[in-house]
> 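Have a look at the structure that comes next, please.
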Amino acid sequence: ARLPVIALAGNPNCGKTTLFNLLTGAHQHVGNWPGVTVERRSGTMTLGRRKISVVDLPGIYSLMGGGGEDQRVARDFLLDSDIELIVNIVDASNLERHMALTAELLETGRPMVLVLNMVDEAEAHGLQVRSHELSAAMGIPVIPTVARKARSRISLMEALTQALDHPALGNMLDYGQLIEAALTALGTLLPGDPPAHRRFTALCLLEGNIDPADPKTQHALRQISSELAGTSDETPADLIMDRRFAWAQEMATIALHRQGPAGLRQK
Ligand code: GDP
Ligand code: MG
Ligand code: K
């Protein structure tokens with residue numbers, strides 16, 4: 001029978017493979033993705049009575065395109081495969097930068113947890129990590145880890161078990177009235193997709209990352225774009241990107257608290 005799948009996703013160098021090793025131990029299989037020379041690293045782990053398949057994806061910066069074959073493999077897997085849970089790993093010491101991808105991953109409409117890795121490095125930089133506050137803001141579990149330390153394994157396994165039992169999709173970004181109306185209008189022209197996928201495809205269309213599949217969608221996209229051009233100086237793609245970066249900054253502000261010198265914090 002098919003095992004439930006957990007996909008490890010994040011920017012390069014956030015600790016995906018370290019976390020993968022921590023979770024799967026010796027139960028690993030290294031091969032290639034079909035048709036390409038990109039390495040495919042998968043393994044199994046046991047959560048309670050469940051056996052789970054874990055896939056360590058190549059690092060990506062965006063779901064919207066760019067990068068080489070390895071990035072395309074990761075994107076296709078995240079968008080098109082049956083995945084029970086996305087585990088998005090971010091570097092807590094570079095949080096704002098890593099959260100731009102997180103904003104896009106939320107839009108896949110898939111259950112997700114956020115792993116705030118490298119908490120040791122963040123703390124060494126004088127940053128205190130507030131995972132509960134970030135979890136409340138995002139609507140998904142947030143787990144602080146130091147993937148190099150074995151003690152992170154137990155709390156991570158507990159959180160993954162919880163997340164598989166009670167999947168949470170998280171709060172998608174609100175791009176403001178203009179863009180949201182455009183996304184809804186475009187979405188209705190994509191009846192083949194499930195609702196969450198429709199929104200994602202509509203975003204890709206507005207950002208100009210994919211071409212409309214048929215003349216009707218092409219016409220609608222042109223009309224919506226020219227309406228938007230009349231109401232805003234920025235292109236839809238810029239409006240969307242600006243919002244994602246503002247959101248990433250907002251989340252980083254919630255999640256990280258800069259500790260002042262000890263003396264200054266006391267009354
Ligand atoms: P990947 O590119 O996402 O697969 O990242 P890796 O797992 O290869 O990790 C990148 C580097 O960060 C390696 O040198 C790891 O040993 C290190 N690393 C991973 N997790 C942590 C952590 O929690 N704290 C610290 N300080 N280093 C870590
Ligand atoms: Mg790796
Ligand atoms: K490092």
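All values derive from a computational prediction rather than experimental measurement. Counting convention: from 1, in listed order, for ligands and their atoms alike.
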> Decide whether Glu104 and Ser62 meet the rule of one side-chain donor and one side-chain acceptor closer than 3.5 Å.
yes

> Is Leu19 in polar range of ligand 1, meaning some N or O pair under 3.5 Å apart?
no

> I'd like to check which ligand 1 atoms, numbered from 1 as shown, lie under 4.0 Å from a non-hydrogen atom of Thr18.
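Answer for ligand 1: 6 (P), 7 (O), 9 (O), 15 (C), 19 (C).
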
> Nearest to atom 5 (O) of ligand 1 by heavy atom, Pro12, Ala124, Gly15: which?
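Going through Pro12, Ala124, Gly15 one by one, Gly15 has the nearest heavy atom to atom 5 (O) of ligand 1.
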
> Looking at the Mg ion (ligand 2), is there an N, O or S atom belonging to Asn13 that lies under 2.8 Å away from it?
no

> Got Ile83 and Phe77 here, is their nearest side-chain heavy-atom distance under 4.5 Å?
yes

> Could you work out, for atom 18 (N) of ligand 1, the closest of Lys149, Glu121, Met118 by heavy-atom distance?
Met118

> Closer than 4.0 Å to some heavy atom of Ala147 - which atoms of ligand 1 meet that?
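Near Ala147, the atoms of ligand 1 are 20 (N), 22 (C), 23 (O).
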
> N/O to N/O below 3.5 Å, does that happen between Asp120 and ligand 1?
yes

> Applying a 4.0 Å heavy-atom criterion (strictly less than), which segment of Val146 is in contact with ligand 1: side chain, backbone, both, or neither?
both

> Taking the side chain as every heavy atom from C-beta outward, state whether Ile89 and Leu19 have any atom pair closer than 4.5 Å.
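Side chain of Ile89 against side chain of Leu19, heavy atoms only: contact under 4.5 Å found.
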
> Could you check if a side-chain atom of Met157 sits within less than 4.5 angstrom of a side-chain atom of Met45, using non-hydrogen atoms only?
yes

> Below 4.0 angstrom from a heavy atom of Lys16, which ligand 1 atoms are there? Numbered from 1 as shown, please.
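Selected atoms, number and element: 1 (P), 2 (O), 3 (O), 4 (O), 5 (O), 7 (O).
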
> What's the spacing between Leu3 CG and Ile6 CD1 if we round to 0.5 Å?
11.0 Å

> Are any of the heavy atoms in Cys14 under 4.0 Å away from ligand 1?
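Cys14 counts as a contact of ligand 1 under the 4.0 Å cut-off.
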
> Can you confirm whether the side chains of Thr18 and Asn21 place a donor and an acceptor under 3.5 Å from each other?
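Absent: no donor and acceptor within the cut-off.
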
> Could you verify whether a donor N or O on one side chain and an acceptor N or O on the other, from Thr201 and Arg199, lie under 3.5 Å apart?
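The answer is no; no qualifying pair exists.
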
